[in-house]
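Quick notes on the structure that follows.
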Amino acid sequence: FPYTTLFRSAYRLVSGEGGVAPGALVAPEAPGKAAALLAQGHAALAAPFAASQAQARLYFEAAVREAPGWAPAHVGLAEALAAQHVSGPGAGLMAAARASAHAAVGLDAQLAQAWSILGLVTLLADRDFASADQALRRAVALDPALASAHRHRAFAFAATGRFVEAEREGRKAVDLEPVSLAARGGLLQILLTARRYRQAIAAAGEALALSPLSSEGWYAKGWAHVLSGD
């Protein structure tokens, strides 16, 4: 992948001691401060509000400054930028998200979360399903239990009209994170878009049994009834 000088400098050049070849690029361990900032960023990003997304971005940017060679910090920043784009597209958000996702993969090619966000960003920024799915399949291969990779794959399949595959991946995400309202909400959107209204009603019922105050659950259930003629 094409990396800028900034992201190349995030690597640590080692001398070859301890069996590592000279010139090898090794990501350092996460400093405590960066890890704390990352946790704060994820906590802020969990709230679906513009102010929370902006706050999450600030935390992740601070984590990147604190540990520029630590891939999870770049993953978090890419996730925040993508979330801001989805909430309200802004100039440069997707270009920055793409750069952060590529940086994360370059820093740690074995990090499933890095491939997962790269797949989503590729789909949103480039509308390139083949490249996006390649990254998402790599994420699943590295960590089959990574729910975000299955959620992103479900979205990618739905965006291309492949609703059978989309539902399969959406249900896998719910199986992996049964108390995640985000996973259940994603599945509901897929079922509605695929016109599987009875299945949507059932899935909405499960979401509401988990959280009776889920507005998305009631919204999906209501529309499923309307669209099915009930």
Side-chain angles (χ1 to χ4, degrees), residues 1-2 45 48 53 75 78-105 109 111-178 180-204 206-207 216-217 219-221 223-224 226-228:
F1 298 110
L45 196 58
Q53 293 167 354
V75 170
E79 290 174 342
L81 291 164
Q84 286 187 309
H85 171 80
V86 171
S87 295
L93 285 174
M94 289 314 299
R98 185 194 293 112
S100 293
H102 278 298
V105 168
L111 183 63
Q113 291 88 340
W115 289 102
S116 178
I117 190 59
L118 178 60
L120 178 63
V121 168
T122 299
L123 185 69
L124 293 174
D126 305 326
R127 303 293 194 271
D128 184 349
F129 172 80
S131 296
D133 195 52
Q134 183 178 17
L136 292 169
R137 283 189 286 109
R138 179 69 183 275
V140 171
L142 288 168
D143 184 0
L146 181 62
S148 70
H150 293 284
R151 286 203 312 271
H152 296 162
R153 259 198 117 196
F155 174 72
F157 280 129
T160 54
R162 296 169 61 177
F163 295 116
V164 173
E165 294 98 326
E167 182 180 349
R168 180 196 66 212
E169 292 295 324
R171 290 191 182 281
K172 180 65 175 179
V174 170
D175 289 342
L176 290 168
E177 292 186 344
S180 170
L181 293 178
R184 291 185 179 276
L187 176 61
L188 284 171
Q189 291 301 316
I190 290 167
L191 292 172
L192 286 174
T193 306
R195 302 181 181 180
R196 295 174 61 81
Y197 303 129
R198 292 303 169 190
Q199 290 83 354
I201 291 169
E206 293 173 359
E216 188 168 9
Y219 181 87
K221 186 174 183 178
W223 272 111
V226 169
L227 295 170
S228 66

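All figures in this text were calculated on a predicted structure; none of them were measured in a lab. Each residue takes its place number in the sequence, starting with 1.
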Measure the [atom1]-[atom2] distance between [X] and [Y] for me, rounded to the nearest 0.5 Å.
X	Y	atom1	atom2	result
Asp143	Gln113	CG	CD	6.5 Å
Tyr197	Trp223	OH	CH2	10.0 Å
His150	Arg168	NE2	CZ	9.5 Å
Glu165	Thr160	CD	OG1	7.5 Å
Arg196	Ile190	CZ	CD1	11.0 Å
Ile117	Leu111	CD1	CG	11.5 Å

Side chain to side chain contact (heavy atoms under 4.5 Å, CB included) assessment of Glu216 paired with Leu181: CA-CA 9 Å; Glu216 188 168 9; Leu181 293 178; over 6 Å; no
Does [X] use its side chain to pair, donor to acceptor, with the backbone of [Y] at less than 3.5 Å?
X	Y	answer
Thr193	Gln189	yes
Trp115	Arg137	no
Arg153	Asp133	no
Arg195	Leu192	no
His85	Leu81	no

Taking all heavy atoms of [X] and all of [Y], pick out the closest pair and write down the distance.
X	Y	answer
Ala112	Ala139	O-CB, 3.4 Å
Leu176	Pro144	CD1-O, 3.8 Å
Ala97	Ala78	O-CB, 3.7 Å
Ala125	Arg98	CB-NH2, 3.2 Å
Ala83	Leu45	CB-CD1, 4.0 Å
Ala183	Arg151	CA-CD, 3.8 Å

Side chains of Thr122 and Ser131, donor plus acceptor under 3.5 Å: no
Between Phe155 and Leu136, is a side chain to side chain contact (heavy atoms under 4.5 Å, CB included) present by the stated rule, with each step listed? CA-CA 11 Å; Phe155 174 72; Leu136 292 169; over 6 Å; no
Mind checking whether Leu191 and Arg171 have side chains closer than 4.5 Å, heavy atoms only? yes
